[in-house]
Undergrad: 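To start, I am sharing the structure in question, which I have written as structure tokens.
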Amino acid sequence: MRYTERLQQRIERTGSRLCVGMDPRPGGDGVEAVPDFLKRLVDETWEYAAAFKPNIAYFEAMGLRGIEILGELMGAMPKEVPVILDAKRSDIGETQKYYAQGYFEHWKVDAVTLNPFLGYDSIEPFLSWEGKGVYLLAVTSNPGSADFQQQILADGRSVFELVTALGARSVAESNATDVGYVVGLTHAAEVLAKMPDAPLLVPGLGAQGGDLAALAAAKRTAPDVINVSRGIAYAGDERSFAQRAAEWAEKIAAAYA
Ligand SMILES: O=C(O)c1cc(=O)[nH]c(=O)n1[C@@H]1O[C@H](COP(=O)(O)O)[C@@H](O)[C@H]1O
């Protein structure tokens, strides 16, 4: 089954487009408290999750033990929930082959985020994987997305439209791996109108203050997922992970209704 089909089925089954972000920050209890923290996060939120998104940076920051913890987490993920590994990788094609092999074959993730800045041949090694997906960074949620991604070219297009053109070429030339885009909710209003009918990974809700109104107005039908990391794992209130996930899932569903 294709990645997009799997994601679509999960969205239909759960009625949720919530992507639960997994960015563990060891606190006073240290790294050894992280596995239990992640287990609780998975156990309490998976029913509301269209996808899970561990960001590899938070695991690398814990050194070799962090990589082990990521491995244990991958082994314990519920089979029903697609996993997007947030790695934002970019390198020459020869090196990207090894990232693709590592993530898809060894870690067995369903999809991965990629930085398209090195161009088509840097994406190509990820395109021949049946059942897998990639999300190309189009317009990220940070202020620096204005530096390159939102610049206007001489022909009137925005730089991020070069990314969607590269995505269209990827589909035309390969069509094994599904191709989607990362669009930060913090800039979504201006950007969504120019995005193709491909799956989006939309971060920026919760801690970064993004607002769902732009998504509601866009009336999109692709299997988009909306990520919340800190707003579930580190909201700093009395609610459980499950309550937070249920609430975010409901708010997001209302925006797509
Ligand atoms: O690819 C991403 O998920 C991503 C792209 C982007 O434009 N902005 C963004 O915040 N993210 C990721 O989303 C997570 C932050 O989510 P919050 O804690 O909910 O703000 C981190 O893992 C970021 O790396």
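Numbering of ligands and ligand atoms starts at 1, following listing order. Treat the numbers as computed from the prediction; the structure is a model and nothing was measured.
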Undergrad: So, regarding D23 and ligand 1 (criterion: nitrogen or oxygen to nitrogen or oxygen, under 3.5 Å), is there a contact or not?
TA: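 Among all N and O atoms of D23, at least one is under 3.5 Å from an N or O of ligand 1.
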Undergrad: Which bit of D86 is near ligand 1, meaning a heavy atom under 4.0 Å away: side chain, backbone, both or neither?
TA: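 The part of D86 near ligand 1 is the side chain, not the backbone.
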Undergrad: Which protein non-hydrogen atom lies closest to atom 5 (C) of ligand 1, naming both residue and atom, and how far is it?
TA: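 The closest one turns out to be P203 CG, 3.3 Å.
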Undergrad: With the side chain counted from C-beta on, respond yes when V83 and M74 share a heavy-atom pair under 4.5 Å apart, and no when they do not.
TA: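 In short, these two side chains touch, coming nearer than 4.5 Å.
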Undergrad: Rounded to the nearest 0.5 Å, how far apart are CD of E130 and OH of Y3?
TA: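 Output value for this atom pair is 16.0 Å.
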Undergrad: Would D110 and R6 pass as an ion pair if we require N to O under 4.0 Å?
TA: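 A salt bridge links D110 with R6.
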Undergrad: Which of these, Q208, H187, R230, has its nearest heavy atom closest to atom 10 (O) of ligand 1?
TA: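 Among Q208, H187, R230, the closest heavy atom to atom 10 (O) of ligand 1 comes from Q208.
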Undergrad: Which residue supplies the protein heavy atom nearest to atom 1 (O) of ligand 1, what is that atom called, and how far is it?
TA: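 The protein heavy atom lying closest is K88 NZ, 3.1 Å.
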Undergrad: Can you tell me if R244 uses its side chain to pair, donor with acceptor, with the backbone of R239 under 3.5 Å?
TA: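 Yes, because the side chain of R244 sits within donor-acceptor range (under 3.5 Å) of the backbone of R239.
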Undergrad: Under 3.5 Å between some N or O of ligand 1 and some N or O of T113?
TA: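 No, no N or O pair falls under 3.5 Å.
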Undergrad: Against heavy atoms of V182, which atoms of ligand 1 measure under 4.0 Å?
TA: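 That gives atoms 5 (C) of ligand 1.
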Undergrad: Under 30°, 30 to 60°, or over 60°: which ring-plane class applies to Y234 and F37, parallel, tilted or perpendicular?
TA: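 The rings of Y234 and F37 lie parallel, inter-plane angle below 30°.
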Undergrad: Should the proximity of N142 to ligand 1, defined as any heavy atom under 4.0 Å, be assigned to the side chain, the backbone, both, or neither?
TA: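 The answer is neither.
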Undergrad: Please list, in number order, the atoms of ligand 1 under 4.0 Å from a heavy atom of T140.
TA: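 Selected atoms, number and element: 7 (O).
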Undergrad: What is the closest protein heavy atom to atom 7 (O) of ligand 1, and at what distance does it sit?
TA: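 Ranked first by proximity to atom 7 (O) of ligand 1 is S141 N, 2.7 Å.
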Undergrad: Which of the atoms of ligand 1 are close to L205, meaning less than 4.0 Å from one of its heavy atoms?
TA: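 Heavy-atom distances to L205 below 4.0 Å select 19 (O).
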Undergrad: S240 side chain to Q243 main-chain N or O, any donor-acceptor pair under 3.5 Å?
TA: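 Pair found, side chain donor or acceptor close to backbone of Q243.
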Undergrad: So, 4.0 Å and heavy atoms of V139: is ligand 1 close enough to count as a contact?
TA: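 False for this residue.
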Undergrad: Starting from atom 19 (O) of ligand 1, what is the nearest protein heavy atom, named by residue and atom, and what distance separates them?
TA: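 The answer is S229 N, 2.9 Å.
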Undergrad: Give, for atom CG of L114 and atom CD of Q96, the distance between the pair rounded to the nearest 0.5 Å.
TA: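 It comes to 6.0 Å.
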Undergrad: When you check the gap from the basic side-chain N to the acidic O, do R65 and E72 get nearer than 4.0 Å?
TA: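 Counted as a salt bridge, because a side-chain N and a carboxylate O are separated by less than 4.0 Å.
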Undergrad: Using a strict threshold of under 4.0 Å (side-chain N to carboxylate O), is an ion pair present between D43 and K39?
TA: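 D43 and K39: salt-bridged.
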Undergrad: With respect to K53, determine whether any N or O atom, backbone or side chain, lies less than 3.5 Å from an N or O atom of ligand 1.
TA: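 Yes, at least one N or O pair falls under 3.5 Å.
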